[in-house]
Amino acid sequence: MTNHQDPASLLSRRRLLGLGASAGSSLLLGGCALNGLSEQVGQISEPLNQRLEALLQGRGPVPEFRPDQVDPEALLINSFNGTPRLDPGSYRLRVEGLVNRPLQLDLAALAALPQQSVTMRHVCVEGWAAIVTWSGVRLADVLNLAEISPLGGYVEIESADQYFESWDRASAIHPQTLLATAMNRAPLPVANGAPVRLATPIKLGYKLSKWVTRLRVVSSLGVRRGTWEDQGYEWFAGL
Ligand SMILES: Nc1nc2c(c(=O)[nH]1)N[C@H]1C(S)=C(S)[C@@H](COP(=O)(O)O)O[C@H]1N2
Ligand SMILES: [Mo]
């Protein structure tokens, strides 16, 4: 746990770190440019792709907040297509696409994986933010379990309310990116995405899909990039 900084300095610090880690690649700041580069590199060769990934991950973990900074009242509900109620007993997280071992994980299987927490600021572009503790499994652990292919540069995320997202691989396997099943040390409420939602301190709120049902690893982005992205929101949406 490191100390909290005000959001503006935190943002600029992260930007600097990102730039510093990638030695001259200002492409990091633009989702589209990054996407283009990553696609090109993926086509050239696998070792290069892995080097790029290492560079992107070079920033390492970002600072977290203290437990006493958590503000449950500040977290608003933002759902745009109703609140799906998934039956915990029949719930399966499907992991498919460019993986050697496609998976269908039930909640017991997820609970059996190492559990992590992240205390972070959730930032919604609609003008609110809230410090939250999310707990669950690392998305990286699930992707590793599925034996993600080196060619899988992106992860598409489907939700039960038809919400759609797509992420770059480096952000997906970032150590603070979780498939959360708990919020503020209590079981994840339905309104906040139960039984499983995405959480990470490195992306804006709209990237953090609730009610996640399916992960599909792909080599390039499709026509659909995200529920909000397809209406003009930035794709990378990094914090
Ligand atoms: N499936 C799904 N995920 C979603 C959304 C949604 O409408 N459906 N809204 C997004 C937006 S814009 C935000 S800010 C956060 C809000 O999360 P919360 O409702 O738990 O605060 O969820 C994100 N994930
Ligand atoms: Mo949002």
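Every number for a ligand or one of its atoms is a count from 1 in the order of the listing. Residue numbers count from 1 along this sequence. Treat the numbers as computed from the prediction; the structure is a model and nothing was measured.
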Point to revise | R216 with E158: basic N within carboxylate O range, under 4.0 Å | key: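 Salt bridge between R216 and E158, a charged N being under 4.0 Å from a carboxylate O: no.
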Point to revise | Under 4.0 Å to a heavy atom of S79 - the qualifying atoms of ligand 1, by number | key: 7 (O)
Check your understanding: Hey, which atoms in ligand 1 end up nearer than 4.0 Å to a heavy atom of C124?
Key ->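 Listed by number with element, the hits are 14 (S).
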Point to revise | For atom 3 (N) of ligand 1, closest protein heavy-atom neighbour | key: K210 N, 2.9 Å
Under a 4.0 Å heavy-atom limit, does [X] contact ligand 1 with its side chain, its backbone, both, or neither?
| X | result |
| --- | --- |
| E126 | neither |
| W211 | side chain |
| V125 | neither |

Practice item. Please say whether the positively charged group of K203, taken as NZ for Lys or CZ for Arg, lies over the ring of F236, i.e. under 6.0 angstrom from the six-membered ring centre and within 45 degrees of the axis. Key: yes
Point to revise | Heavy-atom nearest neighbour of atom 9 (N) of ligand 1 within options L208, L198, N78 | key: N78
Point to revise | Heavy-atom nearest option to atom 2 (C) of ligand 1, drawn from Y206, W134, Y163 | key: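 Closest candidate by heavy-atom distance is Y163.
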Review point. With a 4.0 Å cut-off on heavy atoms, is W128 touching ligand 1?
Key: yes
Check your understanding: Can you find an N/O atom of N192 closer than 3.5 Å to an N/O atom of ligand 1?
Key -> yes
Check your understanding: What is the ring orientation for W134 with H122, classed by angle as parallel under 30°, tilted 30 to 60°, or perpendicular over 60°?
Key ->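 The arrangement is tilted - the two ring planes meet at 30° to 60°.
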